[in-house]
S.K.: 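Dumping the structure here so I can ask a few things about it.
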Amino acid sequence: MTRSVVLFRDLLIPLLPLAAFLVNGLFGRWTREKAHWVSVPAVVLSFLLSLLVLKDVLSGVNTYASLYRWITVGAFDVSVGVMIDPLAAVMLIVVTSVSSLVHIYSIGYMRGDRGYARFFAYLSLFTFSMLMLVLSNNLLELFVFWEAVGLCSYLLIGHWYDRRSAADAATKAFVVNRIGDFGFGLGLLLIFVTLGTLDYQAVFLGAKAASNQTVDLLAPFGGKLEIGLVTLIALLLFTGAMGKSAQLPLHVWLPDAMEGPTPVSALIHAATMVTAGVYMVARMHPVFEISPAAMATVAVVGGGTALFAATIGLVQNDIKRVVAYSTVSQLGYMFLACGIGAYGIAVFHLMTHAFFKGLLFLGAGSVIHALSGEQDIRKMGGLRNKIPATYLTFLIGSLSLAGVPLFAGFFSKDEILTRAFFAGDLGLVLWGVALLGALMTAFYAFRLVYLVFHGETRLLPDAAHHVHESPPVMTVPLWILAVLAVFSGWVGIPLIAGGDKIGHFLEPVFAGVPHAVHGPLVLQGLIIASSVLVALLGIAIADKFYRTSRGLPDRLASAWPRLYSLFLNKWWFDEIYDWAIVRPTRRISESFLWKVADVRIIDAFVNGVGSVTQQAASSWRRIQTGFTQDYAMTLVLGLLAIVAVWLAAW
Amino acid sequence: MTIPLSWVLALSAVVFGIGVIGLLTRRNILILLMSLELILNAANINLVAFSHYLHSMRGNVIVVFTIAVAAAEAAVGLAILLSLFRNRRTVNLDEVREMKG
Amino acid sequence: MVNLDQAFFLYFAAMIVVFSIVTITRKNPVYAVMALLVVFFHVAGLYVLLNAEFIAALQVVVYAGAILVLYLFVLMLLSVPREALGAAVHRRWPVYALVGGAAAVEIALLLARSKFAQRPGPYPPDVVREVGSTQAIGTVLFTEFLYPFEVISLVLLVAMIGAIVLTKKWTPAQGGEEGR
């Protein structure tokens, strides 16, 4: 194949979903309940094309192309282009495969929905944007599609926009992301101002050259606070990643985003969009590598979020929220890996997480579907026999999440823990934190399994009446994801020589990263054993709490009421934000911006213009006599005046 | 070649003036339209005269256009007059004052 | 002493001025149309004097033949009773007449004080006389002024459609307001 044909094929991957979006978006009134016939083939086809791309990349063929020059203003020169390297290829596979399965699953889940065609249109638009995000070859293009996926997220969270909570959650997601994106935007500006380019390779080179430069943050105020230029850039970029990937303290939007339809939660808020932050940090790793401070920040924020979100996940009662906090926690693990320089592992975990977390969300969706919309796990139980396919796949997903050996999550998570252990003093602390987080993860994963599927039923009578297994169009994607949630980890087997295939595959991308320090094999084995032990311990505790001695959780909760209410109320984050930011803003807006600035100044000005015009008009209206010959007379008078001037000036 | 240009120009100025006076003073819309024709004719006389004295055909060509426009103007003006008369039973311009502010 | 051309001019000019005044002073529009007809014929004569036979013919055919007949037709259609006409001039007419007259005087002054370019073009009177004014106009009209010529045909078309639409009696079913 010639180069242009290859390029065309590569471009079809994002363009097919875009075409599906255009068809469903523009002609949704006609496609209606047949909308999936447009979107599903498009996305599946781009998945198949992605496989071809992966085959090419495996044989060492990378693509780098500028498609057209987008903006050229002075030194500012940005093209729209694509770059396909191993990292992008992995992301392509993850995005297109999960997206395809979610599209198929949605056929069943969204059946009969009023906004069926709209849903598929946005889902396809999201797929397009996400694919363009990972294919970008420069930071501005990345940023544009970074915003585009945020927009799709907003639109899809608010899919049931007539529901107040959904509309609020969509707004919240947008506003919180704005904070992160503001930082990201500042980072881009700083890069452009100091390095003069936004192209990846040029930025990496420029950052290396500028590694000794410093910026004085307080210079405009006469103070002095010096910070490394590259550190500042990296921190600003990471702010964006914190918003998008729901890291502390910008995590608050993700749990609320569960107001959207469950397939959306699976695709956007578990598998793909929220991992964009991880992807971005991995993509920009040459910049982060230069600044140890930024790396440490990334690692600490990641580790902190991993533990913090896990504590909340322990006690939540909404099935989707538990999985959502688990997502926040797992994203924390990915950032932890990035922060200690294990980018390949982060991407590996990103991939396995996409599969098992997508599976868990879709499984949760299947449960909700079976119970006609019930999401409270206190009102579930004993569903094991009624929806066996959902049970089995959900169990596989939970085993993978908990990190039970041979399941996908085990390989990636244990790699992170091992690497953390050998990453210096900070790494050792983070290893402890992550291990504690892993214990909690295993516990809450199986708390869900036991509460939802085991024990006797606590269903409300009328819901219990028509519990039904989901149709094949939903269970088949579950099974496919279940298979992936088991076997996708097998491309990164530790300890055995040649087992770490994905690490090897990604190596060209992370070539500049210093090699990881691995301790003696025995020690590595012990670390792995410890995390396996922790996972099994977590499952055992869950088993004890929710199967053998049922009263224990309540007793614990009443023994430590403060801790319990801290976790249950999500560490009061929403309340703190409400008190510290939302309310003062509202108060200022109401008392000053509205009643003074708007009413007294802006409105007064506008009304003043209006009333002056009105008064002038009411006195001047008399010249409009309605007597046509007066108008003709005016004309002649004008002629008279002009000619008189001319004659006088002769 | 014996008629001085100034004579023709004077004539056209006089006809123009008569047309303007008619336009400004009469009430009957028909007469107003005829006054307009007078004004157009005054302009035409000028054009033809200049064409003759400057040895060019352009003035004459523009007169052809003017006549076409005058025909169009008369057709539309009279049509408006007809439909006005149907609605208001009048042909007097000062009785139509819808535009009064 | 005046020569023959000048004598003819003075005759035409006198007739044009007199009958123009007659046109705008008649109370009965029929008389006004008749006076205007006289004006047009004399203007046509003037054109002949100025070496523009084709324009003269056009003046007679279009102005006298078509436009004035249109006026007469409308007069017939309207058939306004004499007593409904009321006063011939509106109440503020003296001021208006004064202003109109002043404008004409000013223009006359302007013309009198202007100097006109003396750059003879390609069509001196003998040439025109030789090829005929029709051919001379045609040559210029269909070369230099071809596009304006096409545009003017569109103007006529639009005027035609406009006149039809304006005078058509609309029924409510055809979407007219109050069946105008």
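The chains referred to below are lettered A, B, ... by the order of the sequence lines, with proteins before strands, and numbering in each begins at 1.
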S.K.: Counting N and O atoms only, with roles assigned by atom type, does the side chain of B:Arg86 sit under 3.5 Å from a partner on the main chain of C:Thr167, one being a donor and the other an acceptor?
M.R.: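 Between the backbone of C:Thr167 and the side chain of B:Arg86 there is a qualifying donor-acceptor contact (under 3.5 Å).
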S.K.: Got a second to check how far B:Leu82's CG is from C:Phe73's CZ, nearest 0.5 Å?
M.R.: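 With rounding to 0.5 Å, CG (B:Leu82) is 12.0 Å from CZ (C:Phe73).
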S.K.: Are the side chains of C:Ile24 and B:Met34 in contact, using a 4.5 Å heavy-atom criterion?
M.R.: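 Heavy-atom side-chain distance check fails, nothing below 4.5 Å.
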S.K.: Restricting to non-hydrogen atoms, name the atom on B:Met57 and the atom on C:Val140 that form the minimum distance, rounded to 0.1 Å.
M.R.: CB-CG2, 3.5 Å
S.K.: Please tell me if the side chains of B:Phe65 and C:Val155 come closer than 4.5 Å, counting only heavy atoms from C-beta onward.
M.R.: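 Side chain of B:Phe65 against side chain of C:Val155, heavy atoms only: no contact under 4.5 Å found.
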S.K.: Please classify the contact of B:Asn60 with chain C as side chain, backbone, both or neither, using a heavy-atom distance under 4.5 Å.
M.R.: both
S.K.: Report which part of B:Val14 has an atom under 4.5 Å of a heavy atom belonging to chain C: side chain, backbone, both, or neither.
M.R.: side chain
S.K.: So for B:Leu9, is it side chain, backbone, both, or neither that comes closer than 4.5 Å to the heavy atoms of chain C?
M.R.: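 Its backbone and side chain both get close to chain C.
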S.K.: Is C:Ile67 in contact with chain B via its backbone, its side chain, both, or neither, using a 4.5 Å heavy-atom distance?
M.R.: side chain
S.K.: For each of C:Leu36, C:Leu78, C:Val39, C:Val17, tally heavy-atom pairs with chain B at distances under 4.5 Å, and name the one with the top tally.
M.R.: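 Winner by heavy-atom pair count: C:Leu78.
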S.K.: Measure distances from B:Leu33 to the heavy atoms of chain C and classify the residue's part below 4.5 Å as side chain, backbone, both or neither.
M.R.: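 Both backbone and side chain.
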S.K.: For residues C:Lys27 and B:Arg26, report the shortest heavy-atom separation together with the two atoms involved.
M.R.: CA-NH2, 3.8 Å
S.K.: Where is the tightest heavy-atom contact between B:Ala13 and C:Ala108, given as atom of each residue plus distance?
M.R.: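 Scanning both residues, the minimum pair turns out to be CB-CB, 3.9 Å.
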S.K.: Between C:Ser20 and B:Leu38, which heavy-atom pair has the shortest distance, and what is it?
M.R.: OG-CD2, 3.6 Å
S.K.: Against chain B, work out which of C:Val158, C:Ile55, C:Leu49, C:Leu98 has the most heavy-atom pairs shorter than 4.5 Å and name it.
M.R.: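 Option with the greatest count: C:Ile55.
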S.K.: Between B:Val15 and chain C, which part of the residue has a heavy atom less than 4.5 Å away: side chain, backbone, both or neither?
M.R.: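 For B:Val15, the side chain is the part near chain C, not the backbone.
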S.K.: For chain B, which of C:Tyr71, C:Tyr96, C:Trp93 has the most heavy-atom pairs under 4.5 Å?
M.R.: C:Tyr71
S.K.: Just one of B:Ile3, B:Ile45, B:Asn41 clears the side chain to side chain contact (heavy atoms under 4.5 Å, CB included) bar with C:Leu46, so which one?
M.R.: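 That would be B:Ile45.
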S.K.: In Å, rounded to the nearest 0.5 Å, how long is the span from OH of C:Tyr123 to CG of B:Leu54?
M.R.: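 Result: 15.0 Å between the selected atoms.
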S.K.: Please name the pair of heavy atoms, one in B:Gly17 and one in C:Ala104, separated by the smallest distance, quoted to 0.1 Å.
M.R.: CA-CB, 3.3 Å
S.K.: Nearest 0.5 angstrom please: B:Trp7 CH2 to C:Leu10 CG, how far?
M.R.: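 Those atoms lie 4.5 Å apart.
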S.K.: Measuring from B:Leu81:CG to C:Leu75:CG, what's the distance to the nearest 0.5 Å?
M.R.: 9.0 Å
S.K.: Within this structure, what is the CZ-CG distance for the pair C:Arg92 and B:Asp94, rounded to the nearest 0.5 Å?
M.R.: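 Going from CZ on C:Arg92 over to CG on B:Asp94, the span is 9.5 Å.
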S.K.: Using non-hydrogen atoms only, which part of B:Ala68 is less than 4.5 Å away from chain C: side chain, backbone, both, or neither?
M.R.: both
S.K.: Is it the backbone or the side chain of B:Ala42 that comes under 4.5 Å from a heavy atom of chain C, or both, or neither?
M.R.: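 It is neither, since no heavy atom gets under 4.5 Å.
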S.K.: Restricting to non-hydrogen atoms, name the atom on C:Pro29 and the atom on B:Ile31 that form the minimum distance, rounded to 0.1 Å.
M.R.: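 So the minimum-distance heavy-atom pair works out to CA-CD1, 4.2 Å.
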S.K.: Taking the side chain as every heavy atom from C-beta outward, state whether B:Val64 and C:Phe54 have any pair of such atoms under 4.5 Å apart.
M.R.: yes
S.K.: Where does C:Pro94 contact chain B at under 4.5 Å (heavy atoms): side chain, backbone, both or neither?
M.R.: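 For C:Pro94, no heavy atom lies under 4.5 Å from chain B.
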S.K.: Less than 4.5 Å to any heavy atom of chain C: does that hold for the side chain of B:Leu11, its backbone, both, or neither?
M.R.: side chain
S.K.: At what distance, to the nearest 0.5 angstrom, does CZ of C:Phe145 lie from CD1 of B:Ile62?
M.R.: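 Here the interatomic distance stands at 5.0 Å.
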S.K.: Which bit of C:Tyr63 comes within less than 4.5 Å of chain B, counting heavy atoms only: side chain, backbone, both or neither?
M.R.: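 Side chain only.
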S.K.: Short question: side chain of B:Arg27, backbone of C:Arg91 - any donor-acceptor pair under 3.5 Å?
M.R.: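 Pair absent, no side-chain N/O of B:Arg27 close to backbone of C:Arg91.
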